Trainee: 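There's a structure below that I have some questions on.
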Amino acid sequence: MALASAMAIMVSSFRVSVDDWLTQVLPADLYVRASSSSGSGYLDDAALARIAAVPGVASVDTTRLVNLRISDDEPLFSVLVRPVRGNWGLPLIAGSTERPVASEVPPAWISEAAADRRRIGVGDRLSLPLGGQMREFVVAGIWRDYARQHGAALIERADYVALTGDRRINDAAIEVEPGMPVGEVAAALRAAFGAEHVTIALPGEIRAISLEIFDRTFLITYLMEAVTIMIGLFGIADHLAAALATTREGEFGMLRHLGFTRGDVGRLIAMEGALTAGLGVVSGLLAGGCDRVDPDRDRQPPELSLEHGTRRAMDGLGDLCDRTGTAGGRGRPAGGGACDAALGGAGGEGGLVRAG
């Protein structure tokens, strides 16, 4: 049970972190991507001018994605090229977005994975093969990136264009003018470029797709949690039943002496278990109802407390037992023994509630 709880907490915490990260890296109102694959199509200066001319577009920020093969034994390294201003879409965990004043080489902001793989930090040098030769950069900051596990670096667009001459763009992040419906701007962009040439998405859609992929990825974890909980519950129930049965051998022997069969004893134990489970369900529902009525436990009225609800449930169960003929005596029916045992009064040693 502890393992299942730890796994659930870990996965839930990670999912919340990814959701918060997506909120930070998707600050724009609308996103436009060239073609269905970011590597096969691009937007040029003329396309950017057409996007900026669409009514309702306040500003356009661009992104270029380049995958580099740094060495034969390393996976692809991603380079993102876009303007860096403030913390706009860049969840920094170290450094800042300011350009180093004393540095003679352009700055670069690397992801946590890149910092760990290359064992570098803020102020260190980073070499990347750009424009047909190795280029030196100074690490100005480290940012959190859940999308590229093998590492990534972010470079100012002006520095990248100066080093490579590549002015192509893969994605455009659009901010819409205040009061302008985002759907109308998206429709105008589709009409201007055609749905087959560009992909237009809202930040909420991207977040929903990303979290759906996350849930699919961790589905096996959820199944493992369910299996672990079931194994734990069966184990607890088995040990509890065995312990109770062992301590009540004398009581069962007396019942057999009075004419109870093994099936009758089994049904008695099953009834006790059902009554105990029902009491637990009622208590849990009462406790949950109290939390929904007033989550402030310090100011919770006594009539809504868990103790009061449990006491009322116990009293109601006692009344039920009285009505079914469970008064003390040697000739009481089997149902009475089940009620007494569930309430803690069967022979003074077999009560589930008292023993628990």
Side-chain angles (χ1 to χ4, degrees), residues 18-67 78-92 97-99 108-109 111 141 143-148 152-162 164-214:
V18 172
D19 193 10
D20 293 340
W21 175 78
L22 288 170
T23 302
Q24 296 180 51
V25 299
L26 299 172
D29 299 318
L30 201 62
Y31 289 88
V32 178
R33 166 167 292 183
S35 78
S36 60
S37 175
S38 61
S40 63
Y42 61 89
L43 302 171
D44 53 15
D45 293 337
L48 295 177
R50 292 173 60 190
I51 292 175
V54 172
V57 175
S59 63
V60 180
D61 281 311
T62 61
T63 301
R64 170 73 170 145
L65 174 62
V66 180
N67 291 319
S78 300
V79 175
L80 300 173
V81 180
R82 70 170 180 82
V84 179
R85 51 182 177 89
N87 287 331
W88 193 84
L90 190 63
L92 285 176
T97 56
E98 301 294 331
R99 295 180 67 92
W109 292 263
S111 66
W143 52 287
R144 180 170 290 111
D145 183 20
Y146 292 131
R148 289 158 285 269
L154 190 147
I155 304 172
E156 282 272 11
R157 173 168 166 77
D159 296 329
Y160 177 79
V161 172
T164 65
D166 182 9
R167 304 184 63 87
R168 293 177 295 177
I169 299 298
N170 299 116
D171 303 295
I174 300 172
E175 290 190 19
V176 178
E177 294 178 353
M180 186 70 179
V182 179
E184 292 184 8
V185 178
L189 289 170
R190 290 191 181 95
F193 290 92
E196 68 277 4
H197 295 125
V198 295
T199 301
I200 301 175
L202 300 174
E205 297 174 351
I206 301 175
R207 286 177 57 198
I209 294 174
S210 301
L211 293 178
E212 182 181 353
I213 295 173
F214 179 93

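Values in this document were obtained by computation on a predicted structure and should not be read as measured data.
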Trainee: According to side chain to side chain donor-acceptor pair (under 3.5 Å), who are the partners of Arg144, at least two apart in sequence or on a separate chain?
Mentor: none
Trainee: To check you understand the geometry: which heavy-atom pair defines the closest contact between Asn67 and Ser78, and what is its length?
Mentor: OD1-OG, 3.0 Å
Trainee: Excluding sequence neighbours, so at least two apart, what forms side chain to side chain contact (heavy atoms under 4.5 Å, CB included) with Ile209?
Mentor: Ile213
Trainee: Applying side-chain hydrogen bond (donor to acceptor under 3.5 Å, both in side chains) between Arg33 and each of Thr63, Asp171, Thr199, report the one that passes.
Mentor: Asp171
Trainee: Could I get the full list of salt bridge (Lys or Arg N to Asp or Glu O under 4.0 Å) partners for Arg50, not counting sequence neighbours?
Mentor: none
Trainee: Hey, could you give me each pair passing salt bridge (Lys or Arg N to Asp or Glu O under 4.0 Å) that has a residue in residues 18-29? Not counting sequence neighbours.
Mentor: Asp19-Arg207
Trainee: Under the ring pair (Phe, Tyr, Trp, His ring centres under 6.0 Å) test, which residues partner Phe193, sequence neighbours left out?
Mentor: none
Trainee: Measure across Leu30 and Pro203 and return the closest heavy-atom pair with its distance rounded to 0.1 Å.
Mentor: N-CD, 4.4 Å
Trainee: Taking salt bridge (Lys or Arg N to Asp or Glu O under 4.0 Å) as the definition, give me every residue that meets it alongside Arg190, ordered by chain and number, with sequence neighbours left out.
Mentor: none
Trainee: Taking all non-hydrogen atoms of both residues, which atom of Pro83 and which atom of Thr62 are closest, and how far apart?
Mentor: CD-O, 3.4 Å
Trainee: Please set out all donor-acceptor pairs under 3.5 angstrom arising from side-chain atoms of residues 173-183, sequence neighbours excluded.
Mentor:
| from | atom 1 | to | atom 2 | distance (Å) |
| --- | --- | --- | --- | --- |
| Glu175 | OE2 | Arg85 | NH2 | 3.4 |
| Glu175 | OE2 | Trp88 | NE1 | 3.3 |

Trainee: Minimum heavy-atom separation for Val84 to Trp109, with atom names?
Mentor: CG2-CZ3, 3.8 Å
Trainee: Can you tell if the side chain of Arg82 reaches within under 4.5 Å of the side chain of Leu90, non-hydrogen atoms only?
Mentor: yes
Trainee: Measuring only between side-chain heavy atoms, which start at C-beta, is Leu65 closer than 4.5 Å to Leu80?
Mentor: yes
Trainee: Is there a side-chain contact between Val198 and Leu189 (heavy atoms, below 4.5 Å)?
Mentor: no
Trainee: What's the shortest heavy-atom distance between Ala172 and Val60, and which atoms?
Mentor: CB-CG1, 4.0 Å
Trainee: Hey, what do you get for CD1 (Ile155) to CZ (Arg64), rounding to the nearest 0.5 Å?
Mentor: 12.0 Å
Trainee: Are side-chain heavy atoms of Thr164 and Val66 found at a separation under 4.5 Å?
Mentor: no
Trainee: Could you go through Ile169 and Arg157, starting from their C-alpha distance and side-chain angles, then the distance that decides it, and tell me whether this counts as side-chain contact (heavy atoms from CB on, under 4.5 Å)?
Mentor: CA-CA 10 Å; Ile169 299 298; Arg157 173 168 166 77; 3.0 Å; yes
Trainee: Tell me every residue that passes ring pair (Phe, Tyr, Trp, His ring centres under 6.0 Å) with Tyr146, counting only those two or more places apart in sequence or in another chain.
Mentor: Phe14, Trp21
Trainee: Applying salt bridge (Lys or Arg N to Asp or Glu O under 4.0 Å), can you list everything that pairs with Arg148, at least two apart in sequence or on another chain?
Mentor: Asp145
Trainee: Can you list the residues that meet the side chain to side chain donor-acceptor pair (under 3.5 Å) rule with Ser210, with sequence neighbours excluded?
Mentor: none
